[in-house]
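Here is how names work: the chains are called A, B, and so on, in the same order as the sequence lines, proteins then strands, and each is numbered from 1. Values below: every heavy atom of this structure, side chains too, minus hydrogens, waters and symmetry copies. Please read all numbers here as calculations on a predicted model, not as lab measurements.
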Amino acid sequence: MKTVVVGMSGGVDSSVSAYLLKEQGYKVIGLFMRNWDANINNDISGNPTLQDAICPQEKDYNDALAVCEKLDIPLKRVDFIKEYWDYVFSYFLEELKKGRTPNPDIMCNKYIKFDMFLKKAESLGADFIATGHFARLQDGKLLRGVDENKDQTYFLSQVSKEKFERVLFPVGSMTKKEIRTLASSLGLITASKKDSTGICFIGERHFTQFLENYLPNIPGDIIDIETGKKLGEHIGLMYYTIGQRKGLQLGGDTDKIFVVGKNLDKNHLYVAYGENNPYLFSDACLIEEVNLLTEEEISTCTAKFRYRQKDIPVTVKKCGEDYLVTYETAKSVTPGQACVLYDKEVCLGGGIIKEVYKKGEKLWYL
RNA sequence: UGCCUCGUAGCCAAGCGGUAAGGCACCACACUUUGACUGUGGCAUUUCGCUAGUUCGAAUCUAGCCGAGGCAG
């Protein structure tokens with residue numbers, strides 16, 4: 001009998017995952033992870049649950065425990081608070097300081113869930129680990145989750161290929177609706193629990209206030225990139241991402257205003273009018289830290305530059321350590337975000353967007 | 001100083017006697033394991049610079065005042 005350690009988050013997906021594995025005849029052990037502590041991590045300002053009698057993680061643990069008791073499997077717990085800070089959150093802050101838009105959840109999967117957690121599971125005697133991700137593994141390949149609205153392969157793109165040999169995604173071939181229906185019929189208390197959002201393990205935060213706990217905000221000018229005119233003032237470059245519209249507190253025109261770039265030296269935020277403004281578009285980007293999930297050479301495939309964005313056709317070419325990804329046109333391609341490559345259902349891996357180009361020229365304003 | 005124009009929510013801006021369009025911003029919700037994007041809804045009835053009139057009824061007409069421009073000088 002093979003042993004599987006399931007990452008129990010206290011949500012419905014991992015609850016059903018544990019059930020399915022048990023049905024399939026595995027010896028199942030639940031493992032609850034706690035990677036964030038609001039007090040230790042100074043997560044004070046902008047934290048909506050700070051005053052709650054029991055913190056959200058404790059509620060989640062209780063839910064996970066209730067599910068495990070129902071399924072008659074043991075539940076253990078482990079803390080990676082320091083590791084999460086060192087490998088995920090520090091990276092997150094460093095990237096923000098550089099004016100980029102990091103994706104902490106991608107690093108969380110790479111360093112915590114599919115590394116630290118995996119090692120911990122092995123020490124508990126695991127042959128495999130399992131999570132409630134919406135993704136599938138077939139013949140060593142990572143496939144999109146069947147529920148295309150919930151597919152999470154984007155977040156798994158930085159996990160190295162060999163890790164997946166010891167991973168199971170039991171709910172990857174189900175839709176969210178099927179999962180909830182099954183959970184409900186089993187009487188699991190997580191059946192109708194709301195999907196969690198926000199940074200994984202941290203949760204929803206008022207972004208501006210949240211960051212103020214960690215980074216100094218340095219106000220500067222908001223500049224219309226087309227005229228060079230000052231339109232207003234921003235509260236700190238790290239609060240804005242490319243393509244963002246909300247939070248500029250600028251109005252007065254009939255058209256919408258979007259963030260198109262930043263200048264760290266001058267502490268300027270560049271904006272432009274209109275959702276189809278040329279400054280928002282590009283036709284190529286250079287990606288770094290490329291992690292491939294296939295042995296085969298990649299030339300043409302599809303890619304997405306942000307989670308839940310539609311795939312677009314691209315061509316890929318190795319360029320030293322990095323890869324050059326070219327495409328007809330894409331909007332709001334943002335340094336720091338992941339570019340994830342696909343061949344139909346197969347996730348080929350991806351990289352982190354480093355530079356963005358248009359007509360052979362690097363976009364100077366990013 | 002004389003003459004002219006203008007003053008509508010945080011911003012832009014319709015309305016020109018019949019009981020305050022719209023856009024941007026902002027807020028809420030939906031969507032969402034990354035900060036978005038997107039969608040839906042809310043958002044001036046102690047109201048239209050202030051005061052006093054005309055009128056059944058005014059942001060819309062009249063007078064004065066205040067304020068912002070402009071033309072004469």
Side-chain angles (χ1 to χ4, degrees), chain A residues 7 9-14 33 35-36 46 56 60 84 88-89 91-93 95-96 99-110 112-113 131-135 145 147-158 171 176 193-212 214-215 217 222 231-232 234-260 262 269 271-277 280-281 304-310 330-340 350 352-353:
Chain A
S9 67
V12 65
D13 302 331
S14 55
M33 252 187 296
N35 299 332
W36 188 256
D60 288 338
Y84 185 88
V88 180
F89 206 69
Y91 147 85
F92 178 67
L93 297 179
E95 287 285 289
L96 288 170
R100 311 214 310 175
T101 305
N103 191 320
D105 289 354
I106 283 185
M107 294 307 158
C108 176
N109 282 326
K110 179 178 183 174
I112 305 296
K113 290 179 187 165
T131 66
H133 280 99
F134 283 84
D147 189 333
E148 55 184 59
N149 186 49
K150 302 291 291 186
D151 170 47
Q152 290 170 324
T153 49
Y154 184 87
F155 294 106
L156 297 168
S157 60
Q158 283 287 320
V171 298
K176 188 78 194 193
K193 189 170 171 179
K194 195 179 183 311
D195 289 2
S196 63
T197 54
I199 298 174
C200 206
F201 296 112
I202 299 178
E204 290 282 7
R205 288 290 183 275
H206 186 288
F207 195 69
T208 305
Q209 292 171 20
F210 176 63
L211 284 191
E212 280 173 352
Y214 310 101
L215 297 172
N217 44 7
I222 298 178
L231 298 180
H234 69 255
I235 54 174
L237 288 179
M238 64 275 201
Y239 298 119
Y240 308 89
T241 187
I242 307 306
Q244 180 174 336
R245 179 180 157 199
K246 301 284 178 184
L248 291 169
Q249 297 187 299
L250 292 178
D253 198 86
T254 59
D255 222 339
K256 305 161 187 170
I257 302 177
F258 294 89
V259 172
V260 301
K262 319 178 171 185
L269 185 71
V271 298
Y273 287 88
E275 56 194 336
N276 290 316
N277 192 289
L280 284 167
F281 293 86
K304 63 177 73 196
F305 301 96
R306 286 221 184 205
Y307 179 53
R308 284 171 64 76
Q309 189 171 289
K310 223 179 119 195
K331 191 174 178 179
S332 307
V333 175
T334 306
Q337 286 286 291
C339 167
V340 180
I352 306 299
I353 298 162

Answer with base, sugar-phosphate or nothing: what part of the nucleic acid does Ile257(A) contact at a heavy-atom distance below 4.0 Å?
nothing
Work out how far the P atom of U8(B) is from that of G69(B), and round it to whole angstrom.
14 Å
Spacing between Phe281(A) atom CZ and C37(B) atom P, to the nearest angstrom
15 Å
Please compare Leu211(A) and Leu248(A) by the position of their nearest nucleotide in RNA chain B and report the one closer to 5'.
Leu248(A)
Which is true for Arg205(A) with a 4.0 Å heavy-atom rule: it touches a base, it touches only sugar-phosphate, or it touches nothing?
nothing
So, is Tyr307(A) close to the U33(B) phosphate, meaning a side-chain N or O under 4.0 Å from OP1 or OP2?
yes
Interatomic distance where NE2 belongs to His133(A) and P belongs to U34(B) [whole Å]
11 Å
Among the candidates G35(B), C31(B), U33(B), find the nucleotide nearest to the side-chain atoms of Thr241(A).
G35(B)
Taking atom P of C24(B) as reference, at what distance in whole Å does atom CD1 of Ile222(A) sit?
17 Å
Starting at atom OH of Tyr84(A), determine the distance to atom P of U34(B), rounded to an integer number of angstrom.
11 Å
Write down the distance separating the C1' atoms in U45(B) and U19(B), rounded off to the nearest Å.
10 Å
Compare side-chain N and O positions of Lys246(A) against OP1 and OP2 of G35(B) and report whether any pair is under 4.0 Å apart.
no
Using a 4.0 Å heavy-atom cut-off, does Asn109(A) contact any base of the nucleic acid, only the sugar-phosphate backbone, or nothing at all?
base
Measure from NZ or CZ of Lys110(A) to the centre of the six-membered ring of Tyr91(A), then state whether that distance is under 6.0 Å and the direction lies within 45° of the axis.
no
A30(B) and C16(B): how far apart are their C1' atoms, nearest whole angstrom?
41 Å
For G67(B) versus C61(B), give the span between their C1' atoms, rounded off to a whole number of Å.
22 Å
Which part of the nucleic acid, if any, lies within contact of Gln309(A), taking any heavy atom under 4.0 Å across all strands shown: a base, the sugar-phosphate backbone alone, or nothing?
nothing
Nearest-nucleotide check on RNA chain B, Glu204(A) vs Gly236(A); residue mapping nearer the 5' end is Glu204(A)
From the list U33(B), U32(B), A36(B), which nucleotide is the closest neighbour of the side chain of Gln244(A)?
A36(B)
Mate of C71(B) across any strand shown (Watson-Crick or G-U wobble, both atom pairs under 3.5 Å) is G2(B)
Touch class at under 4.0 angstrom, heavy-atom based, for Lys331(A) against every strand present:
nothing
Using modelled atom types only, decide if a donor and an acceptor are shared between the side chain of Tyr239(A) and the backbone of Phe207(A) within a distance under 3.5 Å.
no
Once you apply a heavy-atom cut-off of 4.0 Å, does Phe258(A) come out as touching a base, just sugar-phosphate, or nothing?
sugar-phosphate
If you go through the side-chain atoms of Lys256(A), does one of them form a donor-acceptor pair with the base of U38(B) closer than 3.5 Å?
no
Nearest-Å distance once atom P is located in both G17(B) and A58(B):
14 Å
In the strands shown, is C61(B) matched to any nucleotide by a Watson-Crick or G-U wobble pair with both distances under 3.5 Å, and which?
G53(B)
Using Watson-Crick or G-U wobble geometry with both distances below 3.5 Å, tell me the partner of U40(B), or none.
A28(B)
Gln158(A)-Asn109(A) side chain donor-acceptor pair, cut-off 3.5 Å:
no
Tell me if the aromatic rings of Phe89(A) and Tyr214(A) count as close, with their centers under 6.0 Å from one another.
yes
Could you tell me whether Lys150(A) and Asp13(A) have a side-chain N and a carboxylate O separated by less than 4.0 Å?
no
I need the CG-C1' distance between Leu280(A) and C37(B), as an integer number of Å.
11 Å
Could you state the CD1-C1' distance from Ile353(A) to U34(B), rounded to the nearest angstrom?
12 Å
Is there a donor-acceptor pair under 3.5 Å between the side chain of Asn103(A) and the backbone N or O of Gln337(A)?
no
Just N and O in the side chain of Asn149(A): are any of them under 4.0 Å from OP1 or OP2 of U32(B)?
yes
May I ask you to check whether Thr241(A) and Arg306(A) show a side-chain donor-acceptor distance below 3.5 Å?
yes
Between the side chain of Lys193(A) and the main-chain N/O of Gly10(A), is any donor-acceptor distance below 3.5 Å?
yes
Once you apply a heavy-atom cut-off of 4.0 Å, does Lys176(A) come out as touching a base, just sugar-phosphate, or nothing?
nothing
What does Arg245(A) touch in the nucleic acid at a heavy-atom separation under 4.0 angstrom: a base, only the sugar-phosphate, or nothing?
sugar-phosphate
If you measure from the P atom in U47(B) to the same atom in A72(B), how many Å do you get, rounded?
41 Å
To the nearest Å, how far apart are Phe155(A) CZ and U32(B) P?
12 Å
For the pair made of CZ in Phe92(A) and C1' in U33(B), what is the distance, rounded to whole Å?
13 Å
Quick one: look up who A9(B) pairs with, Watson-Crick or G-U, both distances under 3.5 Å, and put none if it's unpaired.
none
Closest to the Asn103(A) side chain: U38(B), U34(B), U32(B)?
U34(B)
Would you classify Gly11(A) as touching base, sugar-phosphate or nothing, given that sugar-phosphate means primed atoms plus P, OP1 and OP2, and contacts are heavy atoms under 4.0 Å?
nothing
Considering only atom P, compute the distance from G39(B) to C24(B) and round it to an integer number of Å.
10 Å
Taking the C1' atom in each of G18(B) and U55(B), what is the distance between them to the nearest angstrom?
11 Å
Going by purine N1 to pyrimidine N3 plus the second Watson-Crick contact, or the G-U wobble pair, all under 3.5 Å, which nucleotide sits opposite U33(B)?
none
